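So the structure is just underneath, and the comments pick up after that.
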Amino acid sequence: MTCAHRDQIKDVKPSAAGCEECLALGDRWVHPRMCVTCGHVGCCDSSKNKHASRHFHATGHPIMQSIEPGESWKWCYVDEVMVE
């Protein structure tokens, strides 16, 4: 299966140095993810708050990119596939 949402990938910059919501709450996160539509940074589903997934459900922005050092892969929540 392929991702049908690649047209929503934009040249964006991370909105924060870590998960925006966790930073505001003073909470911990693991594995930051950046929305490639708007640049929002949220924490992954391995974090207790799952802010990257929450961002997808709130906005419909389908693709997140890992911004973990040494990683650059992308994931489409809608199609549930890695995006190349």
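Start at 1 with the first residue, then count along the sequence. Here the structure is a predicted model, which means the values were calculated and not measured. The figures here come from the full heavy-atom set of this structure, side chains too, leaving out hydrogens, waters and symmetry mates.
At a threshold of 4.5 Å between non-hydrogen side-chain atoms, the residues Cys22 and His51 count as touching. Residues Trp75 and Gln65 are not in side-chain contact: their nearest non-hydrogen atoms beyond the backbone lie 4.5 Å or more apart. Looking at heavy atoms from C-beta onward, Val12 lies out of side-chain contact with Cys38 at the 4.5 angstrom threshold. The shortest side-chain heavy-atom distance between Cys35 and Thr59 does not fall under the 4.5 Å cut-off. Side-chain contact between Arg33 and Cys43: absent, with no pair of heavy atoms (C-beta onward) separated by less than 4.5 Å.
Between Ile63 and Lys74, the shortest heavy-atom distance links the atoms CG2-CB, 3.8 Å. Contact between Cys19 and Trp29 at its shortest, heavy atoms only, is N-CE2, 3.7 Å. Counting all heavy atoms, side chain and backbone alike, Ala52 lies closest to Met64 at O-CE, 3.3 Å. Taking all atoms of both residues into account, the shortest heavy-atom contact from Val78 to Pro62 is CG2-CB, 3.8 Å. Across all non-hydrogen atoms, the minimal contact from Ser15 to Val41 is OG-N, 3.1 Å. Nearest heavy-atom pair, Ile67 versus Pro14, reported as atom, atom and distance to 0.1 Å: CD1-CB, 4.4 Å.
Listed for the Ser47 side chain is a donor-acceptor partner under 3.5 Å among the backbone atoms of Val30. Using modelled atom types, one side-chain atom of Asp79 and one backbone atom of Ala4 make a donor-acceptor pair closer than 3.5 Å.
Classification of the His55-His40 ring pair by plane angle, with boundaries at 30° and 60°, yields parallel.
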Go through it in stages, so that I can follow the logic: the residues are Phe56 and His61, the test is side-chain contact (heavy atoms from CB on, under 4.5 Å), and I'd like the CA-CA distance, side-chain angles, deciding distance and then a yes or no. CA-CA 5 Å; Phe56 159 66; His61 296 167; 5.8 Å; no
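Dense packing is recorded around CZ of Arg54, with more than 12 heavy atoms of other residues, nucleotides or ligands lying under 6.0 Å away.
Interatomic distance, Asp45 CG to Tyr77 OH, rounded to the nearest 0.5 Å: 5.0 Å.
For Asp27, the salt bridge (charged side-chain N to carboxylate O under 4.0 Å, His left out) criterion is met by Lys48, not counting sequence neighbours.
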